[in-house]
Amino acid sequence: MFSMEICECKENHGIKFRTEPYLLQGTYGTIEIFPRGRDSLNFGFCKHCDKPYLSKEKAKEIVRDVLEKRQKEKGLLTGEELRELREQTGLTVREFGALTKINYGRISAIENGYVIQSKANDQVIRMKTKEFIKRNNPARKKLKKVFAKLMQQVDTSKLFLNKIMFYVDFWNFKKTDKSITGGEYIPLQYGPCPKDYDEILQEMIDDGEITPIKGYSFNVNKEPDMSEFSKEEMETINEIISLAKHDKGQELFELSHKEKGFMETPSYE
Ligand SMILES: [Zn+2]
């Protein structure tokens with residue numbers, strides 16, 4: 001924690017200015033503040049006690065400004081940037097602390113400009129936030145629900161699963177001009193594959209939604225909540241499921257070959 005001790009003398013002893021840096025004492029070290037030059041902070045010091053002649057509010061503001069400046073100089077997130085990042089996740093300071101495994105009091109202190117984070121913590125914060133936002137993207141969540149539904153209904157391998165998934169989106173797109181999940185597909189040799197396919201499945205495993213069996217198929221551990229899907233979307237999903245169940249999906253595969261042109265489109269939304 002950095003805080004500036006200010007002059008609390010009862011009388012006015014007069015002010016002096018200085019050009020040499022002022023050492024701001026913190027719990028874990030010191031920061032040099034340059035009254036002139038680098039920080040261009042023009043404040044005076046009490047001639048009697050030698051402490052900055054400032055109001056509490058002004059002292060706080062200066063500490064915050066200097067910390068922010070040092071963060072920028074070091075390529076670290078500023079307190080405000082950290083707060084914005086956290087707000088993007090929708091998490092409270094406490095929850096954000098749990099996510100990043102950084103004490104939430106510290107998170108709060110960084111946000112409020114009392115503390116400068118270490119480079120390592122800065123990287124952890126950026127990485128965990130990015131991961132969290134990606135993982136909780138509404139399209140990704142929807143995609144996972146469809147995956148769970150497909151795994152539950154169709155006895156399928158991992159490779160077949162991504163083909164059916166593509167067909168769910170494709171079929172709905174053909175009927176309504178909209179994909180169901182809004183997910184992106186990348187063209188691979190054996191057909192289009194949802195972007196981050198392996199990562200998505202791994203997240204589902206980590207979250208306990210599914211369990212891999214023999215490394216290529218999956219057990220669904222809890223009933224997926226399909227309440228956000230429209231009647232039309234559920235129709236599409238069920239149509240594809242029955243197609244996939246029928247003759248082990250042979251028909252679906254043949255259909256997929258006929259649609260080659262369309263399938264080479266990497267993504268649609
Ligand atoms: Zn004083």
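Along the sequence shown, the residues carry numbers beginning at 1. Just so we're clear, the structure is a prediction, and the values are computed from it rather than from any experiment. Order of appearance sets the numbers: ligands from 1, and atoms from 1 within every ligand. No hydrogens, no waters, no symmetry mates; every other heavy atom, side chains included, goes into these values.
A donor-acceptor contact under 3.5 angstrom links the side chains of Asn221 and Thr211, judged on distance only.
Ring centroid separation for the pair Phe166 and Tyr197 does not come in under the 6.0 Å cut-off. For Phe218 and Phe147, the gap between ring centers reaches or exceeds 6.0 Å. Not less than 6.0 angstrom separates the ring centroid of Phe170 from the ring centroid of Phe173.
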Kindly determine whether Asp65 and Lys69 satisfy salt bridge (Lys or Arg N to Asp or Glu O under 4.0 Å), including the steps that lead there. CA-CA 6 Å; Asp65 286 351; Lys69 205 164 174 185; over 6 Å; no
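Ile15 belongs to a hydrophobic cluster with Phe17, Tyr53, counting contacts under 4.5 Å between side-chain heavy atoms of Ile, Leu, Val, Met, Phe, Trp and Tyr, direct or through other members.
Taking a cut-off of 2.8 Å, the protein N, O or S atoms nearer than that to the Zn ion (ligand 1) are Cys7 SG, Cys9 SG, Cys46 SG, Cys49 SG.
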